[in-house]
Participant: 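Got a structure for you, questions after.
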Amino acid sequence: MKLQKRAARVGFDWPSVEPVFDKLHEEIEELRVEFHAGTGHEALEDELGDVLFVAANLSRHGKVD
């Protein structure tokens with residue numbers, strides 16, 4: 001959450017919650033592809049990190065800490 005707030009201050013943000021949901025869906029799909037592709041731990045880590053980062057942004061938009 002702390003990193004997401006910092007990222008928003010430097011312009012990494014969406015103007016409303018709907019694009020955040022779209023991005024979350026996109027990132028979950030990328031994670032699903034990596035799971036099925038069996039590309040390895042590092043790729044899963046990267047994609048899961050992206051999902052968690054977007055989820056933190058969603059949380060921030062909802063004012064949930």
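Fair warning: this is a prediction, and the values are worked out from it, not measured in the lab.
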Participant: Does H41 have any side chain to side chain donor-acceptor pair (under 3.5 Å) partners at least two apart in sequence or in another chain, and if so, which?
Facilitator: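 Checked H41 against side chain to side chain donor-acceptor pair (under 3.5 Å); matches are E45.
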
Participant: Among V20, D65, V64, exactly one meets side chain to side chain contact (heavy atoms under 4.5 Å, CB included) together with S59. Which residue is that?
Facilitator: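 Among V20, D65, V64, the one that satisfies the side chain to side chain contact (heavy atoms under 4.5 Å, CB included) with S59 is V64.
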
Participant: Identify each donor-acceptor pair in which a side-chain atom of residues 23-34 lies under 3.5 Å from a protein atom, sequence neighbours left out, and give them as a table.
Facilitator:
| from | atom 1 | to | atom 2 | distance (Å) |
| --- | --- | --- | --- | --- |
| K23 | NZ | E26 | OE2 | 3.1 |
| K23 | NZ | E27 | OE2 | 3.3 |
| E29 | OE1 | R32 | NE | 3.2 |
| E34 | OE1 | T39 | OG1 | 2.3 |

